[in-house]
Asks: 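Below are the C-alpha coordinates for one structure; questions will follow.
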Amino acid sequence: MQIYIHIPFCERKCNYCDFLSAPADPHVREMYVNALMREIRGRAGSVGREDAITTIYIGGGTPSTLSAKQLGDIFATVSQEYRVAPDAEVTVEVNPKSADRDMLHFLRGIGFNRLSIGMQSMHRSELELLGRIHTPEDFEACFDNARRAGFKNISVDVMTAIPGQNEHMLEQTMQKVISLNPEHVSTYSLIIERGTPFFEQFGDVEGPVVGEETERKLYWMTVDMLKSNGYRHYEISNFAKPGHESVHNTGYWKRKYYLGMGLGASSCLPAAGGDERCSNTKDLEKYLANPLTREESSILSRKDMIEETMYLGLRMMEGVDTDAFEKQFGVTVRSIYGDVIDDLVAQGLVYEGASSLTLTDMGIDYGNYVFAKFLR
Ligand code: SF4
(Lines give C-alpha, C1' and ligand atoms only; values in the text may rest on other atoms or scores of the structure.)
Protein backbone atom coordinates (compact mmCIF):
# COMPACT_ATOMS: atom_id res chain seq x y z
CA MET A 1 0.00 0.00 0.00
CA GLN A 2 1.19 3.52 -0.80
CA ILE A 3 0.19 6.77 0.89
CA TYR A 4 -0.27 10.14 -0.78
CA ILE A 5 -0.83 13.27 1.30
CA HIS A 6 -2.01 16.50 -0.30
CA ILE A 7 -1.00 19.94 0.96
CA PRO A 8 -3.22 22.41 -0.93
CA PHE A 9 -1.28 25.60 -0.19
CA CYS A 10 1.09 27.75 -2.23
CA GLU A 11 2.59 31.11 -1.50
CA ARG A 12 1.18 32.42 -4.78
CA LYS A 13 -0.63 30.82 -7.68
CA CYS A 14 1.53 30.18 -10.77
CA ASN A 15 0.16 31.50 -14.06
CA TYR A 16 -0.37 28.07 -15.60
CA CYS A 17 -1.58 26.11 -12.59
CA ASP A 18 -4.98 24.48 -12.24
CA PHE A 19 -4.01 22.16 -9.36
CA LEU A 20 -5.98 22.16 -6.16
CA SER A 21 -3.92 24.75 -4.33
CA ALA A 22 -4.21 28.32 -3.08
CA PRO A 23 -2.51 30.77 -0.73
CA ALA A 24 -3.64 30.54 2.90
CA ASP A 25 -2.78 32.29 6.14
CA PRO A 26 -0.93 30.53 8.98
CA HIS A 27 -4.13 29.97 10.96
CA VAL A 28 -5.81 28.11 8.08
CA ARG A 29 -2.66 26.06 7.50
CA GLU A 30 -2.59 25.07 11.17
CA MET A 31 -6.28 24.07 11.09
CA TYR A 32 -5.60 22.04 7.95
CA VAL A 33 -2.69 20.17 9.51
CA ASN A 34 -4.90 19.31 12.50
CA ALA A 35 -7.70 18.07 10.23
CA LEU A 36 -5.21 16.11 8.16
CA MET A 37 -3.85 14.37 11.25
CA ARG A 38 -7.43 13.50 12.25
CA GLU A 39 -7.89 11.95 8.82
CA ILE A 40 -4.59 10.05 9.00
CA ARG A 41 -5.62 8.57 12.36
CA GLY A 42 -9.20 7.96 11.23
CA ARG A 43 -8.27 6.01 8.12
CA ALA A 44 -5.65 3.83 9.78
CA GLY A 45 -8.26 1.16 10.49
CA SER A 46 -8.98 0.77 6.76
CA VAL A 47 -5.42 -0.41 6.13
CA GLY A 48 -4.52 -3.67 7.84
CA ARG A 49 -1.40 -3.59 10.03
CA GLU A 50 -0.11 -6.52 7.96
CA ASP A 51 -0.21 -4.26 4.89
CA ALA A 52 3.13 -2.42 4.98
CA ILE A 53 3.34 1.12 3.62
CA THR A 54 6.00 1.07 0.91
CA THR A 55 5.89 4.74 -0.09
CA ILE A 56 4.75 8.01 1.43
CA TYR A 57 4.50 11.01 -0.86
CA ILE A 58 3.68 14.47 0.43
CA GLY A 59 2.73 16.62 -2.57
CA GLY A 60 0.67 19.64 -3.42
CA GLY A 61 0.42 22.50 -3.77
CA THR A 62 3.63 23.26 -2.01
CA PRO A 63 4.24 21.16 1.11
CA SER A 64 7.14 23.44 2.07
CA THR A 65 4.65 26.27 2.73
CA LEU A 66 4.09 24.35 5.98
CA SER A 67 6.67 24.64 8.73
CA ALA A 68 9.23 21.89 9.24
CA LYS A 69 7.46 21.04 12.50
CA GLN A 70 4.08 20.66 10.77
CA LEU A 71 5.59 18.37 8.15
CA GLY A 72 7.30 16.45 10.94
CA ASP A 73 4.01 16.08 12.84
CA ILE A 74 2.29 14.72 9.72
CA PHE A 75 5.06 12.20 9.12
CA ALA A 76 5.11 11.18 12.79
CA THR A 77 1.35 10.58 12.74
CA VAL A 78 1.65 8.33 9.68
CA SER A 79 4.54 6.45 11.28
CA GLN A 80 2.59 5.91 14.51
CA GLU A 81 -0.67 4.83 12.90
CA TYR A 82 0.54 2.67 9.98
CA ARG A 83 3.18 0.00 9.58
CA VAL A 84 5.71 1.84 7.45
CA ALA A 85 8.26 -0.48 5.80
CA PRO A 86 11.81 0.24 7.04
CA ASP A 87 12.95 0.87 3.46
CA ALA A 88 9.91 2.94 2.46
CA GLU A 89 10.47 5.72 -0.06
CA VAL A 90 9.42 8.94 1.71
CA THR A 91 9.17 11.94 -0.62
CA VAL A 92 8.26 15.55 -0.05
CA GLU A 93 7.80 18.14 -2.77
CA VAL A 94 9.47 21.46 -2.08
CA ASN A 95 9.68 24.87 -3.66
CA PRO A 96 13.26 26.21 -3.84
CA LYS A 97 12.13 29.45 -2.19
CA SER A 98 10.45 27.99 0.88
CA ALA A 99 12.64 24.98 1.70
CA ASP A 100 15.55 26.48 3.61
CA ARG A 101 18.63 24.80 5.03
CA ASP A 102 17.15 24.19 8.47
CA MET A 103 13.97 22.67 7.07
CA LEU A 104 15.90 20.32 4.79
CA HIS A 105 18.16 19.17 7.65
CA PHE A 106 15.16 18.59 9.86
CA LEU A 107 13.24 16.63 7.21
CA ARG A 108 16.21 14.44 6.35
CA GLY A 109 16.85 13.87 10.04
CA ILE A 110 13.33 12.58 10.75
CA GLY A 111 13.31 10.13 7.85
CA PHE A 112 12.35 11.84 4.58
CA ASN A 113 14.69 10.21 2.06
CA ARG A 114 13.59 11.68 -1.26
CA LEU A 115 13.09 15.28 -2.33
CA SER A 116 11.21 16.55 -5.36
CA ILE A 117 12.23 20.10 -6.21
CA GLY A 118 10.03 22.21 -8.49
CA MET A 119 12.70 23.93 -10.55
CA GLN A 120 10.94 24.25 -13.95
CA SER A 121 13.57 26.45 -15.63
CA MET A 122 17.00 27.94 -15.08
CA HIS A 123 16.05 31.16 -16.89
CA ARG A 124 14.85 33.98 -14.72
CA SER A 125 12.69 35.33 -17.58
CA GLU A 126 10.88 31.98 -17.96
CA LEU A 127 10.33 31.66 -14.21
CA GLU A 128 8.86 35.17 -14.14
CA LEU A 129 6.59 34.39 -17.08
CA LEU A 130 5.38 31.23 -15.34
CA GLY A 131 4.73 33.22 -12.15
CA ARG A 132 7.07 31.08 -10.08
CA ILE A 133 8.19 32.58 -6.77
CA HIS A 134 11.79 31.41 -7.01
CA THR A 135 14.86 32.34 -9.04
CA PRO A 136 17.52 30.10 -10.60
CA GLU A 137 19.81 31.06 -7.71
CA ASP A 138 17.17 29.91 -5.18
CA PHE A 139 17.09 26.53 -6.89
CA GLU A 140 20.86 26.15 -6.85
CA ALA A 141 20.98 27.05 -3.16
CA CYS A 142 18.15 24.64 -2.38
CA PHE A 143 19.82 21.80 -4.27
CA ASP A 144 23.11 22.45 -2.50
CA ASN A 145 21.39 22.61 0.91
CA ALA A 146 19.56 19.37 0.16
CA ARG A 147 22.81 17.58 -0.62
CA ARG A 148 24.43 18.98 2.51
CA ALA A 149 21.43 17.83 4.52
CA GLY A 150 22.12 14.31 3.25
CA PHE A 151 19.47 13.81 0.56
CA LYS A 152 20.87 11.19 -1.81
CA ASN A 153 17.73 10.87 -3.89
CA ILE A 154 16.63 14.15 -5.44
CA SER A 155 14.19 14.65 -8.28
CA VAL A 156 14.03 17.87 -10.28
CA ASP A 157 10.96 19.01 -12.25
CA VAL A 158 11.63 20.68 -15.58
CA MET A 159 8.96 22.41 -17.65
CA THR A 160 9.22 22.39 -21.42
CA ALA A 161 7.25 24.13 -24.19
CA ILE A 162 7.17 27.36 -22.16
CA PRO A 163 5.89 30.20 -24.38
CA GLY A 164 8.86 31.66 -26.25
CA GLN A 165 11.15 28.76 -25.36
CA ASN A 166 13.55 27.57 -28.03
CA GLU A 167 15.96 24.65 -28.14
CA HIS A 168 18.90 26.76 -27.00
CA MET A 169 17.09 27.97 -23.87
CA LEU A 170 15.97 24.50 -22.89
CA GLU A 171 19.41 23.12 -23.61
CA GLN A 172 20.88 25.63 -21.13
CA THR A 173 18.37 24.59 -18.47
CA MET A 174 19.06 20.90 -19.08
CA GLN A 175 22.83 21.43 -18.99
CA LYS A 176 22.53 23.06 -15.59
CA VAL A 177 20.31 20.27 -14.27
CA ILE A 178 22.64 17.58 -15.58
CA SER A 179 25.67 19.33 -14.08
CA LEU A 180 24.06 19.06 -10.63
CA ASN A 181 23.59 15.32 -11.12
CA PRO A 182 20.16 14.74 -9.52
CA GLU A 183 19.07 11.10 -9.32
CA HIS A 184 15.76 11.75 -11.06
CA VAL A 185 14.32 14.24 -13.55
CA SER A 186 10.66 14.75 -14.50
CA THR A 187 9.84 16.83 -17.56
CA TYR A 188 6.42 18.20 -18.39
CA SER A 189 5.22 20.11 -21.45
CA LEU A 190 3.22 23.18 -20.59
CA ILE A 191 -0.43 22.93 -21.54
CA ILE A 192 -2.76 25.91 -21.20
CA GLU A 193 -5.52 25.03 -18.77
CA ARG A 194 -8.89 26.72 -18.50
CA GLY A 195 -9.33 29.12 -15.57
CA THR A 196 -5.65 30.04 -15.35
CA PRO A 197 -4.05 33.45 -16.08
CA PHE A 198 -2.33 31.78 -19.06
CA PHE A 199 -5.74 30.86 -20.47
CA GLU A 200 -6.66 34.56 -20.35
CA GLN A 201 -3.35 35.50 -21.94
CA PHE A 202 -3.03 32.85 -24.65
CA GLY A 203 -6.65 31.84 -25.16
CA ASP A 204 -8.11 28.44 -25.90
CA VAL A 205 -5.07 27.04 -27.72
CA GLU A 206 -5.21 23.46 -28.94
CA GLY A 207 -2.00 21.78 -27.82
CA PRO A 208 1.22 23.51 -26.81
CA VAL A 209 1.64 27.28 -27.27
CA VAL A 210 5.02 26.76 -28.94
CA GLY A 211 3.37 24.52 -31.57
CA GLU A 212 3.33 20.73 -31.84
CA GLU A 213 6.49 20.49 -33.90
CA THR A 214 8.60 22.59 -31.53
CA GLU A 215 7.14 20.82 -28.51
CA ARG A 216 8.16 17.44 -29.92
CA LYS A 217 11.65 18.74 -30.79
CA LEU A 218 12.08 20.01 -27.24
CA TYR A 219 10.85 16.71 -25.83
CA TRP A 220 13.25 14.59 -27.85
CA MET A 221 16.11 16.94 -27.09
CA THR A 222 15.56 16.42 -23.33
CA VAL A 223 15.32 12.65 -23.88
CA ASP A 224 18.61 12.62 -25.80
CA MET A 225 20.45 14.83 -23.33
CA LEU A 226 19.31 12.85 -20.30
CA LYS A 227 19.93 9.45 -21.87
CA SER A 228 23.41 10.41 -22.99
CA ASN A 229 24.18 11.47 -19.42
CA GLY A 230 23.29 8.20 -17.74
CA TYR A 231 19.58 8.60 -17.11
CA ARG A 232 17.21 5.77 -17.91
CA HIS A 233 14.09 6.91 -19.72
CA TYR A 234 11.63 4.76 -17.78
CA GLU A 235 8.33 6.57 -18.33
CA ILE A 236 7.20 9.01 -21.01
CA SER A 237 8.09 12.03 -18.84
CA ASN A 238 10.44 10.53 -16.27
CA PHE A 239 14.15 9.75 -16.16
CA ALA A 240 16.27 8.20 -13.45
CA LYS A 241 19.79 7.11 -12.67
CA PRO A 242 19.69 3.30 -12.40
CA GLY A 243 17.90 2.24 -9.21
CA HIS A 244 16.37 5.68 -8.59
CA GLU A 245 13.09 5.33 -10.47
CA SER A 246 10.23 6.77 -8.40
CA VAL A 247 8.74 3.84 -6.50
CA HIS A 248 5.64 5.87 -5.68
CA ASN A 249 4.81 6.95 -9.22
CA THR A 250 5.71 3.55 -10.63
CA GLY A 251 3.06 2.23 -8.26
CA TYR A 252 0.44 4.44 -9.98
CA TRP A 253 1.44 3.22 -13.43
CA LYS A 254 1.38 -0.38 -12.27
CA ARG A 255 -1.96 0.09 -10.53
CA LYS A 256 -0.78 -0.54 -6.99
CA TYR A 257 -3.18 0.38 -4.20
CA TYR A 258 -2.83 3.80 -2.63
CA LEU A 259 -4.50 5.72 0.13
CA GLY A 260 -4.77 9.44 -0.59
CA MET A 261 -5.36 11.83 2.29
CA GLY A 262 -5.89 15.57 2.40
CA LEU A 263 -8.08 17.94 0.43
CA GLY A 264 -9.34 16.40 -2.82
CA ALA A 265 -7.01 13.40 -2.52
CA SER A 266 -8.11 10.27 -4.32
CA SER A 267 -7.45 6.64 -3.39
CA CYS A 268 -7.52 3.26 -5.06
CA LEU A 269 -8.22 0.56 -2.51
CA PRO A 270 -8.99 -3.14 -2.54
CA ALA A 271 -12.71 -3.87 -2.23
CA ALA A 272 -15.13 -6.70 -2.75
CA GLY A 273 -16.21 -6.90 -6.41
CA GLY A 274 -13.35 -4.78 -7.81
CA ASP A 275 -11.02 -1.95 -6.84
CA GLU A 276 -12.58 1.04 -5.15
CA ARG A 277 -11.72 4.49 -6.47
CA CYS A 278 -12.72 7.25 -4.07
CA SER A 279 -11.85 10.85 -3.34
CA ASN A 280 -12.09 13.43 -0.61
CA THR A 281 -14.00 16.67 -0.85
CA LYS A 282 -12.30 19.56 -2.69
CA ASP A 283 -14.08 22.07 -0.43
CA LEU A 284 -11.69 23.29 2.26
CA GLU A 285 -14.46 24.31 4.70
CA LYS A 286 -16.07 20.89 4.45
CA TYR A 287 -12.72 19.16 4.81
CA LEU A 288 -11.82 21.13 7.93
CA ALA A 289 -15.22 20.27 9.44
CA ASN A 290 -14.99 16.57 8.65
CA PRO A 291 -11.83 15.27 6.98
CA LEU A 292 -13.20 11.73 6.81
CA THR A 293 -16.05 12.46 4.40
CA ARG A 294 -15.68 10.87 0.99
CA GLU A 295 -17.11 12.90 -1.86
CA GLU A 296 -17.04 10.27 -4.58
CA SER A 297 -16.67 6.54 -4.54
CA SER A 298 -17.10 3.86 -7.16
CA ILE A 299 -16.15 0.26 -7.70
CA LEU A 300 -14.14 -0.19 -10.88
CA SER A 301 -15.49 -2.79 -13.26
CA ARG A 302 -13.22 -5.45 -14.72
CA LYS A 303 -13.33 -3.53 -18.00
CA ASP A 304 -12.18 -0.33 -16.22
CA MET A 305 -9.28 -2.19 -14.62
CA ILE A 306 -8.23 -3.76 -17.92
CA GLU A 307 -8.30 -0.40 -19.70
CA GLU A 308 -6.29 1.27 -16.93
CA THR A 309 -3.74 -1.54 -16.98
CA MET A 310 -3.24 -0.95 -20.70
CA TYR A 311 -2.97 2.83 -20.89
CA LEU A 312 -1.05 3.26 -17.63
CA GLY A 313 1.29 0.37 -18.47
CA LEU A 314 2.02 1.80 -21.89
CA ARG A 315 3.27 5.01 -20.26
CA MET A 316 6.23 3.03 -18.98
CA MET A 317 9.03 2.22 -21.39
CA GLU A 318 8.97 -1.41 -20.28
CA GLY A 319 5.33 -1.41 -21.39
CA VAL A 320 2.50 -3.70 -20.42
CA ASP A 321 3.62 -7.06 -19.05
CA THR A 322 1.31 -9.32 -21.04
CA ASP A 323 2.11 -12.41 -18.93
CA ALA A 324 1.18 -10.56 -15.73
CA PHE A 325 -1.97 -9.30 -17.46
CA GLU A 326 -3.03 -12.86 -18.30
CA LYS A 327 -2.30 -13.99 -14.76
CA GLN A 328 -4.41 -11.17 -13.30
CA PHE A 329 -7.37 -11.21 -15.68
CA GLY A 330 -7.38 -14.81 -16.86
CA VAL A 331 -7.37 -13.84 -20.54
CA THR A 332 -4.62 -12.74 -22.91
CA VAL A 333 -4.19 -9.12 -24.01
CA ARG A 334 -4.52 -10.35 -27.59
CA SER A 335 -7.89 -11.98 -26.96
CA ILE A 336 -9.28 -8.53 -26.08
CA TYR A 337 -7.15 -6.17 -28.14
CA GLY A 338 -5.81 -8.32 -31.03
CA ASP A 339 -7.30 -6.10 -33.75
CA VAL A 340 -6.15 -2.89 -32.04
CA ILE A 341 -2.62 -4.24 -31.59
CA ASP A 342 -2.40 -5.35 -35.25
CA ASP A 343 -3.45 -1.85 -36.40
CA LEU A 344 -1.05 -0.06 -34.06
CA VAL A 345 1.85 -2.35 -34.97
CA ALA A 346 1.13 -1.75 -38.68
CA GLN A 347 1.18 2.01 -38.04
CA GLY A 348 4.52 1.70 -36.23
CA LEU A 349 3.11 2.96 -32.93
CA VAL A 350 3.55 -0.07 -30.67
CA TYR A 351 5.95 -2.96 -30.49
CA GLU A 352 4.76 -6.40 -29.48
CA GLY A 353 7.40 -8.48 -27.71
CA ALA A 354 7.20 -12.04 -26.37
CA SER A 355 5.67 -10.87 -23.09
CA SER A 356 5.27 -7.13 -23.42
CA LEU A 357 3.59 -4.42 -25.40
CA THR A 358 5.48 -1.12 -25.62
CA LEU A 359 5.22 2.23 -27.33
CA THR A 360 7.66 2.90 -30.16
CA ASP A 361 9.26 6.36 -30.38
CA MET A 362 6.54 7.33 -32.82
CA GLY A 363 4.00 5.86 -30.42
CA ILE A 364 5.28 8.23 -27.73
CA ASP A 365 4.60 11.16 -30.07
CA TYR A 366 1.05 9.91 -30.62
CA GLY A 367 0.53 8.63 -27.08
CA ASN A 368 -2.97 10.01 -26.57
CA TYR A 369 -4.14 8.48 -29.84
CA VAL A 370 -2.69 5.10 -28.83
CA PHE A 371 -4.15 5.19 -25.30
CA ALA A 372 -7.62 6.00 -26.65
CA LYS A 373 -7.51 2.82 -28.74
CA PHE A 374 -7.49 0.76 -25.55
CA LEU A 375 -10.73 2.30 -24.28
CA ARG A 376 -13.62 0.22 -25.48
S1 SF4 B 1 3.78 25.90 -6.95
FE2 SF4 B 1 2.88 24.15 -8.06
S3 SF4 B 1 0.88 23.80 -7.14
FE4 SF4 B 1 1.58 25.82 -6.46
S5 SF4 B 1 0.64 27.25 -7.88
FE6 SF4 B 1 2.69 26.77 -8.68
S7 SF4 B 1 2.39 25.00 -10.06
FE8 SF4 B 1 0.54 25.21 -8.79
Side-chain angles (χ1 to χ4, degrees), residues 4-26 28-29 32-33 36 57-67 70-71 74 91-100 103-104 107 114-143 146 154-163 165 173 177 182 184-202 208-209 237-238 246 248-249 252 260-266 279-280 282-284 287:
Y4 172 77
I5 292 174
H6 190 70
I7 307 299
F9 306 124
C10 290
E11 192 174 314
R12 186 178 76 200
K13 203 72 185 154
C14 299
N15 292 332
Y16 57 91
C17 178
D18 74 339
F19 299 153
L20 185 57
S21 69
D25 64 39
V28 173
R29 295 201 294 262
Y32 183 78
V33 170
L36 181 58
Y57 192 106
I58 304 188
T62 308
S64 53
T65 51
L66 298 183
S67 67
Q70 287 170 323
L71 288 169
I74 293 166
T91 306
V92 59
E93 289 178 353
V94 297
N95 183 290
K97 187 85 178 177
S98 50
D100 63 17
M103 174 184 275
L104 294 168
L107 295 177
R114 187 169 182 272
L115 212 60
S116 174
I117 309 180
M119 178 209 68
Q120 315 311 347
S121 168
M122 283 304 281
H123 291 280
R124 188 179 285 263
S125 59
E126 288 184 339
L127 292 173
E128 283 172 2
L129 177 72
L130 295 171
R132 302 285 302 181
I133 58 168
H134 68 275
T135 63
E137 293 74 26
D138 292 330
F139 167 72
E140 286 187 76
C142 179
F143 193 94
I154 301 179
S155 180
V156 173
D157 286 347
V158 179
M159 182 160 280
T160 64
I162 297 169
Q165 189 176 53
T173 287
V177 172
H184 190 278
V185 179
S186 296
T187 67
Y188 297 101
S189 294
L190 178 76
I191 297 289
I192 306 296
E193 305 285 358
R194 240 165 233 287
T196 63
F198 267 8
F199 189 83
E200 300 300 313
Q201 191 175 345
F202 297 105
V209 180
S237 306
N238 286 279
S246 162
H248 187 83
N249 288 335
Y252 289 145
M261 291 181 280
L263 190 71
S266 63
S279 53
N280 286 352
K282 293 189 170 87
D283 182 320
L284 184 59
Y287 182 79

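Whatever order the structure lists them in is the order used to number ligands and atoms, beginning at 1. Just so you know, residue 1 is the first one in the sequence shown, and it goes up from there.
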Asks: Which side-chain N or O atoms in residues 124-131 pair as donor and acceptor under 3.5 Å with protein atoms at least two apart or in another chain?
Replies:
unit_1	atom_1	unit_2	atom_2	d
Arg124	NH2	Glu137	OE1	2.8
Glu126	OE1	Ser121	OG	2.6

Asks: Is there a donor-acceptor contact under 3.5 Å linking the side chains of Ser189 and Thr160?
Replies: yes
Asks: On a heavy-atom basis, which atom in Ile192 and which in Phe199 lie closest, and how many Å separate them?
Replies: CG2-CA, 3.5 Å
Asks: Could you tell me whether the side chain of Thr173 and the main chain of Met122 form a donor-acceptor pair under 3.5 Å?
Replies: yes
Asks: If waters are left out, how many protein N/O/S atoms lie within less than 2.8 Å of atom 6 (Fe) of ligand 1?
Replies: 1
Asks: Inspect the surroundings of OH in Tyr252 and state if more than 12 heavy atoms from other residues, nucleotides or ligands are less than 6.0 Å away.
Replies: yes
Asks: Any sub-3.5 Å donor-acceptor pair from Asn280's side-chain atoms to Gly262's backbone N or O?
Replies: yes
